[in-house]
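Note that ligands are numbered from 1 as they come in the structure, with each ligand's atoms numbered from 1 the same way. All values below come from the heavy atoms of this structure, side chains included, with hydrogens, waters and symmetry mates left out.
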Amino acid sequence: MSAWRSSPSPQFGGRATVPGDKSISHRALILSAMAEGESRIRGLLTSEDVMATAKAVEALGARIEGNGSEWRVEGGPWTSPEDPLDCGNSGTSARLLMGAAAGVEGLRATFTGDASLSRRPMHRITEPLSRMGARFDGADHLPITLHGQRLGGIDHVGRVASAQVKTALLFAGLRSKGPVRIVEPVPSRDHGEVMLLQFGVEVDAEPCPEGWCVRLGNQRSLRPTDIHVPGDPSSAAFLWAAAAIIHGASVTTPGVCINAGRTGFLEAIERMGARVEIDAERIQSGEPVADVTVSHDRLEPIHLAPDQVPSTIDEIPLLACVASFADGESHLEGLGELRHKESDRLGAVAAGLTANGVSVFPEADALRILGRGKVRGGGMVLAHGDHRIAMAFLTLGLGARQPVTLDDGRSIAVSFPGFAEVMRSLGAQLEELE
Ligand code: S3P
């Protein structure tokens, strides 16, 4: 265990760079490993989740050479790994790799994960991949063994928007000849589609009567390329949240991805009253990137509707923390998917807020938070081994009246190694306890 304490930090502010985007880093490694020849990746996130993907693609046949600034990936044919592929805590690794490997005829690979990942649903991936022709031993929970097969196409209409499902099916579709169409009720993050275009694959998306429809074209072979991964908005969100809740604070995060599938949190805190400035907008490896500044102002409560959840999905715990500093009742709806993340995030958020003196009313798939303009703090928060819960509540402690204690911060390395150093460089009072 490694307990942490975050304390009121009235001097918070400045400029800080966040590490590379996690979703884009996974996709860059997997597509580079599938493309025959050498691809180069700059700005790759070197967190535990992404390193699980790197090790897995190496075990499947890719050669990877890397250092902090640039990684070279030599892709080619995939073969059965000798050992199980350990995806650790990473749902994105397990789901995207199952898709990418499903069409390799004769390949056999067992996917394993830690206790949290082994509880998370996999049927949402194994069911449509089985319809394409793949075979699995096991269905809903890891460990699962994949037997790669010749695949047909798929017409998949998803009930919930999930970029992991969509991307897994697109990656499987690269090795199939049939038509591939995936429909989501509202668009989820489209980093997979953006990156497929960078690798020379035909993919398009448009609204359709059932929602949002993504199709693979006939040009499905991957051409190696160079990818420059932008900063992760889900990591920058902790800096933005601290600026939003601390009087007089202002933070600039250069080079952050502002893909519309990821800006829900930024839009939400702007609607609440925080001041948001977007500067130096540019395109980097197909992704929109900008320097983002967030400054404190008085916060109003917020209503988050279900169709706004996909673009805010990983920041909901943090948004609930920010809403605790608003004056009045916030209502976040359509949160059912949060029960299937690295922890039951609805339950973890409700318990963490309650421990810190916030009135919170959890419903089956919604949260009502009664903000009083300030937060007492002083509570002990259980992270449940979940990186986003850990960082959300350490951030809450920076703006609360009394310090917040976290039982265990080890999970932070899953997505944001260097979180404490970056926050301290801006004036955050964060300490690891004995
Ligand atoms: C991700 C998609 C989202 C998100 C996860 C990363 C991705 O999951 O919560 O952190 O990289 O595709 P779902 O697809 O389950 O919504």
Return all side-chain donor-acceptor pairs below 3.5 angstrom for residues 150-160, not counting sequence neighbours, or 'none' if the list is empty.
residue	atom	partner	partner atom	Å
D155	OD1	R181	NE	2.7
D155	OD1	R181	NH2	3.2
H156	ND1	R131	NH2	3.0

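Geometric assessment of R175 against the ring of W78 yields a positive cation-pi assignment under the 6.0 Å and 45° thresholds.
The protein heavy-atom contact nearest to atom 12 (O) of ligand 1 is R27 NH2, 2.6 Å. Closest protein heavy atom to atom 14 (O) of ligand 1: S162 OG, 2.7 Å. Protein heavy atom nearest atom 10 (O) of ligand 1, with residue, atom name and distance: D314 OD2, 2.8 Å. Atom 11 (O) of ligand 1 has as its closest protein heavy atom S23 OG, 2.7 Å.
Heavy atoms of K166 stay at 4.0 angstrom or farther from ligand 1.
By the criterion of a heavy-atom distance under 4.0 Å, neither the backbone nor the side chain of H340 is placed next to ligand 1.
Other residues, nucleotides and ligands contribute at most 12 non-hydrogen atoms within 6.0 Å of the CD atom of E281. Environment of CG in D279: crowded, with over 12 heavy atoms of neighbouring residues, nucleotides or ligands closer than 6.0 Å.
Using a 4.0 Å cut-off between charged side-chain N and carboxylate O, E342 and R388 make no salt bridge.
E184 and S162 share no donor-acceptor pair across their side chains, judged by distance under 3.5 Å alone.
The contact set between ligand 1 and T92, taken as ligand atoms under 4.0 Å from a residue heavy atom, comprises 6 (C), 11 (O).
Polar contact check, I313 against ligand 1: no nitrogen or oxygen pair lies under 3.5 Å apart.
You'll find the side chain of D386 stays beyond 4.5 Å of the side chain of S116, heavy atoms only.
The option with the heavy atom closest to atom 2 (C) of ligand 1, from among E315, Q164, K341, is Q164.
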